[in-house]
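Below is one structure, written out as structure tokens, with a few remarks after it.
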Amino acid sequence: MITRQLQARDIRDPNVLSAMRKVPRHEFVPDTMKKYAYNDEPLPIGEGQTISQPFIVAYMTEILKLDKNHRVLEVGTGSGYQTAVLAEIAHQVFSVEIIASLSQHAKDILLGLGYKNIRFKIGDGSSGWLEHAPYDAVIVTAAPATVPSALEEQLQIGGRMIVPLGEAYQDLVLLSREKKKTKRKTLISVRFVPLVRQE
Ligand code: SAH
């Protein structure tokens with residue numbers, strides 16, 4: 001997975017490569033999917049949701065330029081796999097998931113693996129998690145049509161956000177918050193499940 005899927009596609013950040021080497025992806029997929037855990041593809045995790053393709057997890061993490069002092073907000077805990085990769089590199093991860101059973105399952109696995117720097121919340125992540133803001137980085141792993149304003153507001157000046165934007169098909173967009181404006185850069189095309197909004 002590391003050489004063929006990541007290094008061959010130009011993932012270079014040593015922190016990202018070592019996190020991807022360390023996190024056991026098979027722990028985050030259902031029993032019937034374990035034999036495919038290191039394949040180059042997303043996999044179903046139940047509740048109609050998916051664990052992202054390893055390359056996409058690595059790519060989104062690398063773009064954030066994380067270091068060990070950073071506090072990260074993740075929207076869409078899902079299986080908890082991306083959460084683990086973030087927690088390997090950053091100081092603290094705050095992860096919000098709208099489906100309670102997925103959040104609980106991810107929490108059980110991550111605590112079982114010994115992660116102590118992750119906080120979990122069940123709810124609509126489009127409002128972010130104000131209590132712990134601002135964040136050095138924000139990663140959204142479900143696709144909204146437009147960037148939820150709360151997420152931009154909770155991003156530290158100098159901070160970076162990666163988000164898949166669009167409906168049936170999306171582009172990954174990098175937002176870099178500067179003092180007076182937020183810069184946007186469109187990266188690669190992707191497919192994520194939609195970000196659902198709570199009524
Ligand atoms: N990074 C995860 C991807 C999970 S798929 C992984 O690799 O496993 C996206 C997740 O976003 C799903 O679990 C879905 O339930 C969740 N989600 C969708 N809308 C959401 C919202 N408004 N707030 C929080 N989580 C949301």
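Indexing begins at 1, ligand by ligand and atom by atom, following the structure's order. By convention here, the first residue in the shown sequence is residue 1.
By the 3.5 Å distance cut-off applied to N or O atoms, Ser52 is counted among the residues near ligand 1. Below 3.5 Å of separation, one finds an N or O of Asp124 facing an N or O of ligand 1. Distances between N or O atoms of Leu102 and those of ligand 1 include no value under 3.5 Å.
Ring planes of His132 and Trp129: perpendicular class, angle over 60° (limits at 30 and 60°).
Taking a cut-off of under 4.0 Å to the non-hydrogen atoms of Ala142, the atoms of ligand 1 that pass are 11 (O), 18 (C). Close approach of ligand 1 to Gln82 is summarised as follows: ligand atoms under 4.0 Å from at least one heavy atom of the residue are 1 (N). Every atom of ligand 1 is numbered from 1 in the order shown, and the set under 4.0 Å from a heavy atom of Gly125 is 21 (C), 22 (N), 23 (N), 24 (C). Near Gly123, meaning under 4.0 Å from any of its heavy atoms, are these atoms of ligand 1: 23 (N), 24 (C). Those atoms of ligand 1 that come under 4.0 Å of a heavy atom in Val96, given as number and element, are 24 (C), 25 (N).
The closest side-chain heavy-atom distance from Pro144 to Leu165 is below 4.5 Å. Counting heavy atoms from C-beta on, the side chains of Arg191 and Tyr169 come closer than 4.5 Å. Counting heavy atoms from C-beta outward, Phe28 and Ile109 have side chains that approach closer than 4.5 Å.
Between Ile45, Ile51, Thr50, it is Thr50 that holds the heavy atom closest to atom 3 (C) of ligand 1. Taking only non-hydrogen atoms, the option from Ile99, Ile139, Ile98 nearest to atom 24 (C) of ligand 1 is Ile98.
Of all protein heavy atoms, the one closest to atom 1 (N) of ligand 1 is Thr141 OG1, 3.3 Å. Regarding atom 11 (O) of ligand 1, its nearest protein heavy-atom neighbour is Gly76 CA, 3.3 Å. Here the protein heavy atom with the shortest distance to atom 22 (N) of ligand 1 is Val196 O, 2.6 Å. In terms of protein heavy atoms, atom 12 (C) of ligand 1 is closest to Gln49 OE1, 3.2 Å. Here the protein heavy atom with the shortest distance to atom 13 (O) of ligand 1 is Glu97 OE1, 2.7 Å. The single protein non-hydrogen atom nearest to atom 6 (C) of ligand 1 is Ser79 OG, 3.5 Å, given as residue, atom name and distance.
Side-chain atoms of Glu88 never come within 3.5 Å of backbone atoms of Met20 as a donor-acceptor pair (strictly under, hydrogens ignored). The main-chain N or O of Ser126 is found under 3.5 Å from a side-chain atom of Asp124 such that the two form a donor-acceptor pair.
For Thr77, every heavy-atom contact with ligand 1 shorter than 4.0 Å involves the backbone, none the side chain.
Atom NZ of Lys22 sits in a sparse spot, with 12 or fewer heavy atoms from other residues, nucleotides or ligands closer than 6.0 Å. Heavy atoms of other residues, nucleotides or ligands lying less than 6.0 angstrom from NE2 of His70 number more than 12.
How far NZ of Lys185 is from CG of Leu175: 12.5 Å, rounded to the nearest 0.5 Å.
Here the closest non-hydrogen pair linking Glu62 and Arg12 is OE2-N, 2.8 Å.
Tyr38 does not carry Arg25 over the face of its six-membered ring by the limits of under 6.0 Å from the centre and within 45° of the normal.
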